[in-house]
Amino acid sequence: MAREIGEYDEENDILYVSKTELKQDMKDLQKLAEAICHMGPKQRAKLALNSEIEQALVIADKIKGKHDAFHRNVQFIAKQLHSLDVEAIRLKIDIMENKHGIADAHNRFYEELREQILSADNQTIETLINDNSSLERQRLRQLIRQANKEVKQSKPGKSYKELFKYLKQHVAYTPSA
């Protein structure tokens, strides 16, 4: 977990990590533990935490107003986090905190796909159908035809929205690089 690899003694096959690196790692774990303490119970339930940490979090909820006791409890939680996969926990927290950004990216993907399909030729549509086996050819073509008709009349409406929902249900999200 140390940022920089310390000195390596090839002769004895030992990796030396400085005290400063260890202290910084522990501070990072304490910040993570404090962030977890300030989360709601539903968010914490999504994290892969062991029973000791969960019990310590219950205690942390009770003693939030008592600064010294809360700080000691955070240190205990940080010490327990040291034995878990911290990177997976951080990733999960990042995903929870950026939930709306992820949803926006998904919506943009499906909106762009809809626009591509509406202006696409037959070959592109066939490729999409072949790549996604859950798409029904007849239903997709019907929605495309009706949505194009609505767009030509300058009033995108029901079919235009239905096409978006249909794509969202049946086409897997693939983020662009």
Side-chain angles (χ1 to χ4, degrees), residues 1-117 127-128 130-135 161 164-177:
M1 194 159 128
R3 275 165 209 62
E4 298 176 18
I5 298 177
E7 295 180 35
Y8 181 70
D9 182 5
E10 291 182 24
E11 189 175 306
N12 297 323
D13 199 31
I14 299 173
L15 176 66
Y16 294 104
V17 180
S18 70
K19 278 188 178 180
T20 308
E21 289 176 322
L22 293 174
K23 286 179 184 180
Q24 187 58 45
D25 288 345
M26 199 59 200
K27 282 183 183 179
D28 290 345
L29 283 175
Q30 285 178 7
K31 286 179 185 176
L32 178 64
E34 192 163 350
I36 292 171
C37 286
H38 291 297
M39 288 178 157
K42 287 183 180 179
Q43 289 178 317
R44 287 186 206 153
K46 295 176 184 177
L47 301 175
L49 304 173
N50 61 26
S51 61
E52 283 185 345
I53 294 176
E54 289 175 0
Q55 291 170 355
L57 289 169
V58 170
I59 293 170
D61 288 339
K62 293 178 184 176
I63 60 173
K64 272 188 182 172
K66 301 173 183 169
H67 177 72
D68 292 336
F70 181 74
H71 182 69
R72 282 191 304 273
N73 200 31
V74 167
Q75 287 178 324
F76 174 76
I77 293 170
K79 198 174 193 180
Q80 296 301 317
L81 282 172
H82 190 66
S83 64
L84 297 177
D85 184 10
V86 178
E87 291 307 314
I89 293 171
R90 282 195 176 121
L91 179 65
K92 189 73 171 175
I93 290 172
D94 287 345
I95 290 171
M96 286 189 292
E97 289 176 349
N98 192 17
K99 184 169 66 172
H100 299 296
I102 293 170
D104 289 345
H106 283 232
N107 285 338
R108 272 193 306 276
F109 169 78
Y110 290 112
E111 286 172 359
E112 289 172 5
L113 181 61
R114 174 179 61 191
E115 294 305 319
Q116 288 173 1
I117 288 174
T127 304
L128 179 70
N130 291 335
D131 291 345
N132 299 286
S133 61
S134 64
L135 286 173
K161 293 174 186 172
F164 177 82
K165 289 179 185 175
Y166 187 75
L167 291 172
K168 199 170 184 176
Q169 287 175 347
H170 298 284
V171 177
Y173 171 71
T174 53
S176 57

note = Here the gap from Leu32 atom CG to Leu81 atom CG, rounded to the nearest 0.5 Å, amounts to 5.5 Å
query = Are Glu34 and Lys31 ion-paired here, with the side-chain N under 4.0 Å from a carboxylate O?
reply = no
task = Identify the two heavy atoms, one from Cys37 and one from Ile77, that lie closest to each other, and give their separation to 0.1 Å.
result = SG-CD1, 3.6 Å
Salt bridge (Lys or Arg N to Asp or Glu O under 4.0 Å) contacts touching residues 47-64 (sequence neighbours left out) = Arg44-Asp61, Asp61-Lys64
query = What distance separates His82 NE2 from Gln80 CD, expressed to the nearest 0.5 Å?
reply = 11.0 Å
Smallest separation among heavy atoms of Leu113 and Val171, with atom names = CD2-CG1, 3.9 Å
request  = To the nearest 0.5 Å, tell me how far Leu135 CG sits from Gln169 CD.
outcome  = 10.5 Å
query = To the nearest 0.5 Å, how far apart are CG in Asp94 and CD in Glu87?
reply = 9.5 Å
ask   = Is there side-chain contact between Asn73 and Leu57, with heavy atoms separated by less than 4.5 Å?
value = no
key: Contacts of Phe164 that satisfy ring-ring contact (aromatic ring centres under 6.0 Å, His included) - sequence neighbours left out   = none
key: Side chain proximity check, Ile53 to Ile36, heavy atoms < 4.5 angstrom   = no
ask   = When rounded to the nearest 0.5 angstrom, what is the spacing between NZ in Lys165 and NZ in Lys161?
value = 8.0 Å
inquiry  = Assess the residue pair Asn130 and Thr127 against the criterion (side-chain contact (heavy atoms from CB on, under 4.5 Å)); give the C-alpha distance rounded to whole Å, side-chain angles, the decisive distance to 0.1 Å, and a yes or no.
reply    = CA-CA 5 Å; Asn130 291 335; Thr127 304; 5.7 Å; no
key: Ile93 side chain near Met39 side chain, heavy-atom distance below 4.5 Å   = yes
ask   = Could you give all pairs that pass the ring pair (Phe, Tyr, Trp, His ring centres under 6.0 Å) test and reach residues 59-80, with sequence neighbours left out?
value = His38-Phe70
OG1 on Thr20 to CG on Asp25, rounded to 0.5 Å = 11.0 Å
